[in-house]
Trainee: 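After the structure tokens below, expect a handful of questions from me.
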Amino acid sequence: MSKPKEYSWMTKDKLMTYTFFSLIILTVITAALWSAEKTPSGWNLGLTLGINALIAVGISVGLDAFLHKIAADSQLNLLSAAVFGLIVTDSYTLGVPVMRTVELFPLEAPQCFIYVALISVVGLIIFKKIVGTSGRKYVNPAAAAKFIVMIPFLDTLLLAVDHLKSSLLQVPSLSGPLGLASVVNGNGYGGAAGAVSGFGSYVISCFSNASLKAPTATMNNLISAMLLDKFHGWPGGASAIAVIVVGIGFFVIARKYIKWRITVSYLVVVAILSLILSFVYGDAGVTVRLLFELFIGSSIFLAFFMATDPATTPLTYTGQIIFGVGLAILTVLLQTFTQFFGASFIALIIMNLTVPALDKVGRQKPTTESKEPKLPKAQAFAPDKVKVYQCMRCGACMTVCCHKLSPILIKQAFDKMDIDSMIKLNADYCTGCGHCSFVCPARIDLKGAVLRSKAMLRQQ
Ligand code: SF4
Ligand code: SF4
């Protein structure tokens with residue numbers, strides 16, 4: 001007879017490995033798509049992306065190893081550092097056409113290498129390591145570091161007025177009626193020859209393959225640019241179709257540990273808001289706004305690979321859905337009223353800060369009745385023989401408990417000897433089935449901690 005399983009097959013390292021390979025696939029796809037493009041400075045766009053990835057991953061992994069060497073309490077987590085490096089790479093805007101390279105965040109090599117390196121250093125040291133010593137990360141490290149590094153560009157990137165004052169950029173606004181080729185009620189932009197065209201023309205000329213000399217504003221070109229291959233923006237989202245296919249594959253493999261409800265609620269609400277705004281502003285059809293809001297690289301990549309970061313998102317299902325809805329509302333509002341079209345990462349930072357409150361929403365009501373999950377019987381645990389990690393906040397222990405307890409929260413209360421919280425969390429309902437320890441990818445001895453809490457409450 002085979003030995004009963006002690007733990008589920010998923011570990012934090014495996015989860016990081018799957019995430020890493022998903023991101024590598026997306027980065028390679030984009031580098032291949034972009035390999036025929038050159039920026040005005042003469043750099044190959046695909047090569048630029050590859051060098052960015054080497055810089056970001058190299059710095060992140062190197063710093064992680066270095067900090068572990070000089071500070072004993074800095075956990076060595078090379079895979080997590082490599083994933084962070086790829087997120088930095090895939091969320092750093094590159095591309096042609098390169099608009100106002102002097103004023104804007106550098107969109108091409110070689111200047112972009114310095115900024116990618118800066119974001120990697122700031123993100124790893126401040127937001128992963130220093131903030132992480134408090135026991136949890138409060139904001140997505142890549143998003144927060146990008147924001148900090150962007151602060152000197154506040155008046156050229158984040159503020160709407162800049163786009164209006166620039167004679168070069170002349171971005172039409174999402175807070176007006178949108179059309180494909182022609183201007184709708186005056187919301188359009190002036191081309192080089194003074195011709196005025198609509199939002200669809202702007203999107204196609206900005207995102208289409210630059211080697212197409214004058215891509216025409218047709219629906220086919222718009223769909224192709226937004227879904228298949230964008231040549232400007234977040235590299236991770238250059239091909240929305242690739243993000244969706246790779247993302248769904250990753251979600252299926254790691255389904256119990258990935259907060260896919262955030263992605264679904266985000267995309268649904270972005271679509272609904274786009275339709276509402278199309279109606280309110282009197283767009284000439286709903287497609288232009290819908291395609292833009294859903295599939296711009298910063299939206300689709302963030303939805304699958306940043307908004308679902310377990311460490312900085314809610315533990316409960318209800319919290320995750322509210323998080324996705326809030327993220328969608330803030331993203332659409334920021335993009336519509338500030339004209340900063342890559343603003344989803346700022347919305348993400350704001351929503352990250354609401355997570356401590358959202359963690360209190362939708363917690364299951366503990367019960368003495370037992371509802372057995374469909375899991376192999378976990379009969380023995382050997383916490384001293386396995387590699388234990390910090391809690392990654394996947395929430396799996398909370399969804400599997402047969403008494404609807406919150407094992408990780410009870411453990412945290414036990415670690416702080418917080419009797420009141422242990423009572424409120426009904427630690428005494430635990431019957432020691434061990435399912436929570438079984439599913440935990442961080443291999444935390446939850447069952448032991450909850451049973452010790454129960455014993456402590458019995459002695460009160
Ligand atoms: S050991 Fe206790 S806390 Fe863990 S799943 Fe079983 S009943 Fe819930
Ligand atoms: S303790 Fe719970 S939330 Fe934390 S990693 Fe383990 S299963 Fe996930």
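What you see below is based on every heavy atom in this structure, not just the backbone, and it leaves out hydrogens, waters and symmetry mates. Atoms within a ligand are numbered from 1 in the order they appear, just like the ligands themselves.
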Trainee: Any salt bridge linking R393 with D359? Criterion: basic side-chain nitrogen under 4.0 Å from a carboxylate oxygen.
Mentor: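 So R393 pairs with D359 through a salt bridge.
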Trainee: In terms of atom number and element, which parts of ligand 1 are under 4.0 angstrom from non-hydrogen atoms of C430?
Mentor: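 Taking each heavy atom of C430 in turn, ligand 1 has 1 (S), 2 (Fe), 3 (S), 7 (S) under 4.0 Å.
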Trainee: I'd like to check which ligand 2 atoms, numbered from 1 as shown, lie under 4.0 Å from a non-hydrogen atom of G395.
Mentor: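 Here the atoms of ligand 2 in question are 3 (S), 8 (Fe).
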Trainee: Around atom 6 (Fe) of ligand 2, what protein N, O or S atoms are found below 2.8 Å?
Mentor: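 The answer, once waters are left aside, is C440 SG.
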Trainee: Which residues satisfy the ring pair (Phe, Tyr, Trp, His ring centres under 6.0 Å) test with F292, sequence neighbours excluded?
Mentor: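 F292 satisfies ring pair (Phe, Tyr, Trp, His ring centres under 6.0 Å) with F199, F341 only.
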Trainee: In the structure I gave you, are the side-chain heavy atoms of D64 and S60 within less than 4.5 Å of one another anywhere?
Mentor: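 Not touching, per the 4.5 Å side-chain cut-off.
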Trainee: Within a distance under 4.0 Å of any heavy atom of T431, pick out the atoms of ligand 1 and give their elements.
Mentor: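 So the atoms of ligand 1 that pass are 7 (S).
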Trainee: Using a strict 4.0 Å threshold on nitrogen-to-oxygen distance, state whether D420 and K424 make a salt bridge.
Mentor: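 Salt bridge: no.
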Trainee: Per the side-chain contact (heavy atoms from CB on, under 4.5 Å) rule, which among S437, C436, S453 passes with P407?
Mentor: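 Among the candidates, only C436 passes.
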Trainee: Using a strict cut-off of less than 4.0 Å between a Lys/Arg side-chain nitrogen and an Asp/Glu carboxylate oxygen, indicate whether D309 and K137 qualify as a salt bridge.
Mentor: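 Salt bridge absent between D309 and K137.
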Trainee: Between atom 2 (Fe) of ligand 1 and H403, is there an N, O or S atom separated by less than 2.8 Å?
Mentor: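 No, outside the cut-off.
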Trainee: Taking only heavy atoms of G434 into account, list the atoms of ligand 1 that are under 4.0 Å away from them.
Mentor: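 Under 4.0 Å from G434, ligand 1 has these atoms: 1 (S), 6 (Fe).
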Trainee: With heavy atoms of R393 as the reference, note each atom of ligand 2 found under 4.0 Å away.
Mentor: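 Taking each heavy atom of R393 in turn, ligand 2 has 3 (S), 4 (Fe) under 4.0 Å.
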Trainee: In the structure I gave you, are the side-chain heavy atoms of Y281 and S175 within less than 4.5 Å of one another anywhere?
Mentor: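 Heavy-atom side-chain distance check passes, below 4.5 Å.
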Trainee: Closest non-hydrogen protein atom to atom 6 (Fe) of ligand 1, residue and atom name please, with distance?
Mentor: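 The closest one turns out to be C433 SG, 2.3 Å.
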Trainee: Under 3.5 Å, is there a donor on one side chain and an acceptor on the other for T39 and E108?
Mentor: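 There is such a pair (donor and acceptor under 3.5 Å, judged by atom type) between the side chains of T39 and E108.
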Trainee: Below 4.0 angstrom, N of the basic side chain to O of the carboxylate: do D445 and K411 qualify?
Mentor: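 Not counted as a salt bridge, because no side-chain N and carboxylate O are separated by less than 4.0 Å.
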Trainee: With a cut-off of 4.0 Å, which atoms of ligand 1 are near a heavy atom of C401?
Mentor: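 Those qualifying, in numeric order: 3 (S), 5 (S), 7 (S), 8 (Fe).
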Trainee: Is there a ring-ring contact (aromatic ring centres under 6.0 Å, His included) between F305 and W234 once you walk through the steps?
Mentor: CA-CA 12 Å; F305 289 100; W234 287 23; over 10 Å; no
